Every structure is written in structure tokens, then in C-alpha cells.
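Encoded as C-alpha cells, the structure appears first; notes follow it.
Below, chains carry the letters A, B, ... as their sequence lines are ordered, and counting in each starts from 1. On a predicted model such as this, the values are computed, not experimentally measured, just so you know.
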Protein chains: 2
Amino acid sequence: MVGASLKDVAMRAGVSVRTVSNVVNDFPQVAPETRRRVQQALEELQYRPNAAARLLRAGRSGLVGLVIPEIDSPYFGELASLLVQAAQQYGWTLLVDQTNGDPDRERLLLDGPPGQIVDGLVMSPWAVSPAELRRRADAVPLVLLGEQDAAGLIDHVSVDSVAAAAEATGHLIGLGRRRIAAIGVQPHLANGTAQQRITGYRQALRAAGIPHDPALEMPVTALHRADGARAMRELLEGGHAPDAVFCFSDQLALGALRAALDHGLAVPDDLAVCGFDDIEDGRYGTPSLTTVAPDKAGIAERALSCLADRLKRPPTGAGRRRDPEVPSGDAPPPARRIVAAHRLVVRESTVGRPG
Amino acid sequence: MVGASLKDVAMRAGVSVRTVSNVVNDFPQVAPETRRRVQQALEELQYRPNAAARLLRAGRSGLVGLVIPEIDSPYFGELASLLVQAAQQYGWTLLVDQTNGDPDRERLLLDGPPGQIVDGLVMSPWAVSPAELRRRADAVPLVLLGEQDAAGLIDHVSVDSVAAAAEATGHLIGLGRRRIAAIGVQPHLANGTAQQRITGYRQALRAAGIPHDPALEMPVTALHRADGARAMRELLEGGHAPDAVFCFSDQLALGALRAALDHGLAVPDDLAVCGFDDIEDGRYGTPSLTTVAPDKAGIAERALSCLADRLKRPPTGAGRRRDPEVPSGDAPPPARRIVAAHRLVVRESTVGRPG
DNA sequence: CTGAAAGCGCTAACAG
DNA sequence: CTGTTAGCGCTTTCAG
């Protein structure tokens, strides 16, 4: 006893499957009396439309996927949660998967079951290049998250990292700091996040006439607390002690903060610390963390609305026909680059306790 | 140009779909030469098996679902990440969804697209009762996470929360504390987590001959930092100042910690704080947090191995026939209750800085 | 307004 | 070893 099919319901109600289908899908052209009978049969048999069959035939599952490098990681966690909720507004169910930044897994999720079953995908790529993603975007409507330079190839939403990093650095400069370190350089990653943030950082220094010291730009392998702590320790032990540090993520900042405290430094008096992401831990730690807050809700909302626009076009399913000779009438709309808002949130780690 | 089907490949290779299917599924009985030809056609046409069709026909998608109340929330985030990785060992792709503890959404995910498309489900229910879940477990193999009393109805893995809470409380008592508060009572929730932890807490107090003071047992509406901070403030302002507090989650503890610090208390001297979950924030905060560490990797591994056992039984797909008259030979194995390990991790929030 | 029937892409009897 | 074919459950065209 696994589930009743349309046929079962049709037999019970004494109608054809067509009519049952019409009722299930709320099509108007059904006589009230017929509809009633069908609905009763539906109820009695506990009918649930088979998602696989629907998908095969209609090419729509009502599912959208979110593919991110790490689910644990407060930033992506918060974003995922917001996307799940935003998706409900569109009548979609959002499913999340994790790549760990592994290129093979990024490809697998795109090509395999999740990518095929889903009506559209929101993805934050770390390893696969925009050009390669572009090819898959023919198969699944795709919206990218993050700063990688998709160069107009794919729909894409992110904050202006260059400007945000410049603001954060400017805030530190405004506090009178001069030896400002940057933690979070990641030359090996395909996504341009770190690249853009270091650019903004340097811009702000230059604008203030502060010479740029490469020894203060710390690379990391990942954006976690441990990496931030390690970088801070190196800075402190290397004799390059800064009087402020701008970290490319809150997790890095939290790690750096802990390392500085362990080192006997007072924050913010000896060292001002600024992060990026505005995760919850930063708000409740001691001292609380000054940070760049991307408009996460806005990012979620705009990513999905962007996806919704793509999905207005014909579904990829059933009646589809792949005929290279006959180009599909109207060209797809050009890729969009959406810039989400951000703001600098000043807290204790740069200005101390109020009162 | 959406994708080549088996038929397309068959035509190109000059064989039947059967043979192509055999090659794709790595069946041995294919002549080497034929196999080669087919493989080439596969390659040229960039063939990807259609997941929907496969699922419809074979009743297997290779996907498993994880349904949790909140994706943001470090504990579930870490668990989700571990489950994603463990699933790869089994050749499954794990998809995560969030319910916010909403009963309707819990049901929806079980009945609708995600629940139907997936081969099995790992779920941490908050609102739907075990009895109701039991009914759905006929449709999807289901493994529960957390403490709710499934009473032998459904496979189920969790730590021994009573014992763990007693250990944590015992640690506080061993430190010489006597006015030990508990933060995290949740009488309204269907999952028995809070209930079990308060039970362990009281057990430990009783064992130490410490009278139990209801004014020290603080209810919360959610397990977040803000709730922990609020409860702590009430405790402090209500004149019931404790000398120690056991919080039912690390997030609560982190919130309580911040509130205590804001209040001018020294931790652990004036107030010792212990949490539950061992999330990363607790390890890197100042002071670092003493906590009960559930063996998350073990939970993930055992949940999936449990699911794997269920999946050895016939798939729910295609050839299935629902005939109430003919009971399916062998009864399903009885529900299992798996207890995962935990240990108390002592850090600064109860014993101060070492050295 | 409703029925009959084709077929989405795949797997797996059932032949040969 | 390989070909033919019957569906899985659904949507949808085409007729009434």
C-alpha cells in the first residue's frame, strides 16, 4: 500500500483520469457535481500526486536548489535560512547542498540528480569557472551568489565588495589607526571575493596617503576562526604588530580577536578589529564585532526574483525538443548583475564600550 | 538542445536502448566492442541519464533528505555538514531543508516533492508527533534525530540527554557551586529535549543533596542567544542571582554569558557557565565555553547507516504493487533506538584561564 | 465539460 | 550477448 494513482481515483469516482487531473490541478472546466465526486475519491484514497511522474512529464518539480561551499559557517547558514523562507513566497521548496569548494562536486550537483530535478539553482561557486558554469546554465536556470566576475555571462547577485572594504578600512583610518592589517587574502580561489576586498582596502589606504605594507596583508587557506587566529599570531609574533585589522569575514575576525586577547592586547585600545558578514556570533561576543553587514535578506529575495524571471520562460521538460536547427524564437534575456546593499555596523571592537 | 536520451544514443551507436542502458549501468554482459561503440556515442552526445525518468521507473533517486528546524544555528549547521559528507560514503547526495519547527511544513516536506523524491529521510522533528510520523514512515524510510520519545516506533538516534545534563550539573556542583540555574526549559515543544535535560539537572542536584529551586529553572521560547541573554537578565534582576548556570544549548549559554558580563559579573569567578552542543563559537569565544559535546560525527554516521539498513529492503518504486490483501512476506525490522556518545568538555567558562 | 490515448526517458521482463 | 516491449504516473492534444 504505497499510494493511489490518478487511475485509481478515476475508477473510484467513475470518471476518466483526465477529469481527475483537472480537479487536482484546479482547472476550472469541471462540473461542480463531478468535482465533488472526484474530491471525495481523492480524499478517501489519500491521493498524493507523484512528484517523479509530474517532473518527467511537466518538467517542473517546484523545487529549487541552493548550492553553497559550506552549510556550517554562519554566513551561509543565515543566507540559506533566508532563502528557504523567501522561496516559500514563490511556492517553491528550497533544498540546500554543500560542495566544500570541491570542483568535481560542484559539477556533479549541477549535472546529476539535484541539478536535474530542480527547476532552478542558486549557487555560490568556489572552484568552477564562470565560463564552465555558463554551459550548464543551458540546462538549469542558474543564479550566482558572490563576487566572481561572471562578466555578464550569468545572472549574479552580490554586494559591492570593493566599496564595502574601502568603507571598513576608511572607518579604521578615521579612528586614527595607521598600521592597518588585512586578513583573508586567498590568491588560489576562483571566486573574486578576496581579490575585491583587498582592492578596496588598498584604495582606502591610498586615499588616506598611508603607504601600503605587504607584510600586513595576510593570506589564509580558509575563512574560519582558526585561520584568523593563526594570521593574527603571525602578525604579532613577526614584529609587525598592527594597530588595526580588517578581516574579510567575521569568522576570521573572531579568530583574530581571540588571538589578540590571548596575546594580552586590549581591543579596541591596542588593536581595532573589523570583520565582514555580520554574523550573529559577532553581535553577541565580547567585545562585539564591528563589521560590514551585507543585506542578506535582500540578496535572498533578489536571487529568487531573478530566478523567477528566468522560469517564466518555457520549462525544460516533456514537450521540449532539442533541435539545433530551429533556434527558440526569442533570445533569453541578457545576464543581470545585481548589486545588493551593505552597511558598516560599528560596535565595540573598534570603538569600545559605550557609556 | 536539452539533452540526449537513451534512444538517441542507441541510434547513433547502432544498437538498442537495452544495450545502452546496460553500458550506462555498468552491467557486465556487454561485448567489449559493442561497449566501446556505445561509450563513444555516449561521449559524443554528452549523455546524462534523466533523473526524473529513473526515479519514476526504478524508484530510486540516490538522494536522501535532511529535514531540520533551522539551518542557521551552529549545531544543526555542523550536523548538516557532517551528514552531507557521510552521505557521500554511501553514494548518496544529501539535500537539506528547513522547517522552522512549523508542523505544517514538517508534514509538507514529508508528503510533497522532497519527501517523495528522496530515497530516505533524516529528520529532527519539533512539532509533529512520533505517532503521526510513524504513518509517513511507510512511504519514506525515516530516521529521527533528537530526543523525542518515539517509543520504539521509528529508528532514532540521539545522545543520552538525561545523563549528559546530570554530568554537566555534577561538574558545576563539583566546583563548589550551590545555586545552579538551568536555562532552556521548553514545555510547549513536542520533542523531549528540554524535558530530558531538566530531568538530568534535577537528578544531579538531588544526588548532591541540593534543594531544587523552581525560580532557577528558566523557560525560553527559542534556543538562541537572545533568549539566553534575556533569561540571564531576569535571573540577575530578579534577585535570584545564581553562582552557576547550565544552559541547554551553547547559543543560550553564549547569550547568558554576554548578559552576565554586561552586568559586571566575572566568569567563572562570580558565575560558572556550562552549555550543550559544543559549537565552534563556544571554543573561540572569551571566555571559552564549557559544554557537553555530542559526538556529532557519530550521530551523522549512525543515522545514515541506519537508513542504509532500511534501504536494503525493496524500493518503493515502479514494480511496486499496493495490495492490502497480500502482506509483504517478511516484516520490516523493528525500530532501533541508537544512543550516540557525548563527553563533557571543560573550558574557561567554568574553570578560568589555565596558567 | 469529459474521454481516449500518446508519450516524457528509463528499467527490466521476456524473448531470441 | 542483444533486441523488443510494457509500463512507472502524469500532462495534454485531440475528439467528441
Legend entry - B:L6 CG to C:dA12 C1', straight-line distance once rounded to whole Å: 13 Å
Inset, instruction - Name the residue closer to the 5' end of DNA chain C, choosing between B:S21 and A:A31 according to the nucleotide with the nearest heavy atom. - result: A:A31
Legend entry - Among D:dG3, D:dC10, C:dC10, the nucleotide that comes nearest once only the side chain of B:S16 is considered: D:dG3
Inset, instruction - Measure the distance from CG on A:L45 to C1' on D:dG9 and round it to the nearest whole Å. - result: 14 Å
Legend entry - N/O (side chain, A:S5) to phosphate O (OP1/OP2, D:dC8) under 4.0 Å: no
Inset, instruction - Starting from P on D:dC1, measure out to CZ on B:R36 and report it in whole angstrom. - result: 17 Å
Inset, instruction - Name the residue closer to the 5' end of DNA chain D, choosing between B:T34 and A:V24 according to the nucleotide with the nearest heavy atom. - result: B:T34
Inset, instruction - Classify the nucleic acid contact of B:V17 as base, sugar-phosphate or nothing, counting any heavy atom under 4.0 Å across all strands shown. - result: base
Inset, instruction - In whole angstrom, give the distance that lies between atom CG of A:N50 and atom C1' of C:dG9. - result: 14 Å
Inset, instruction - Kindly say whether B:D104 contributes a backbone atom to a donor-acceptor pair with the side chain of B:D102 at under 3.5 angstrom? - result: yes
Inset, instruction - For A:F27, answer base if it contacts any base atom (sugar-phosphate contacts may also be present), sugar-phosphate if it contacts only those atoms, and nothing otherwise; contact means non-hydrogen atoms under 4.0 Å. - result: nothing
Legend entry - Base of D:dG9 paired with side chain of A:R57 (donor-acceptor, under 3.5 Å): no
Inset, instruction - Measure the distance from NZ on B:K7 to C1' on D:dT5 and round it to the nearest whole Å. - result: 13 Å
Inset, instruction - Measure from CZ on B:R54 to C1' on D:dC10 and round the result to the nearest Å. - result: 21 Å
Legend entry - Interatomic spacing from CZ in B:R136 to CG in B:L121 - rounded to 0.5 Å: 11.5 Å
Inset, instruction - Could you tell me whether the side chain of A:R18 has a donor or acceptor atom within less than 3.5 Å of a complementary atom in the base of D:dT13? - result: yes
Inset, instruction - Name the residue closer to the 5' end of DNA chain D, choosing between B:A53 and B:R35 according to the nucleotide with the nearest heavy atom. - result: B:R35
Legend entry - Test side chain to side chain donor-acceptor pair (under 3.5 Å) applied to B:E70 and A:S81, step by step: CA-CA 7 Å; B:E70 19 192 50; A:S81 178; over 6 Å; no
Inset, instruction - Nearest whole angstrom, please: distance from the C1' of D:dC10 to the CG of A:N22. - result: 13 Å
Inset, instruction - Could you tell me the separation between the CZ atom of A:R48 and the P atom of D:dC8, rounded to a whole number of Å? - result: 21 Å
Legend entry - Short side-chain donor-acceptor distance under 3.5 Å, B:N50 and B:R57: no
Inset, instruction - Answer yes or no: does atom CD of B:E43 have more than 12 heavy-atom neighbours from other residues, nucleotides or ligands under 6.0 Å? - result: no
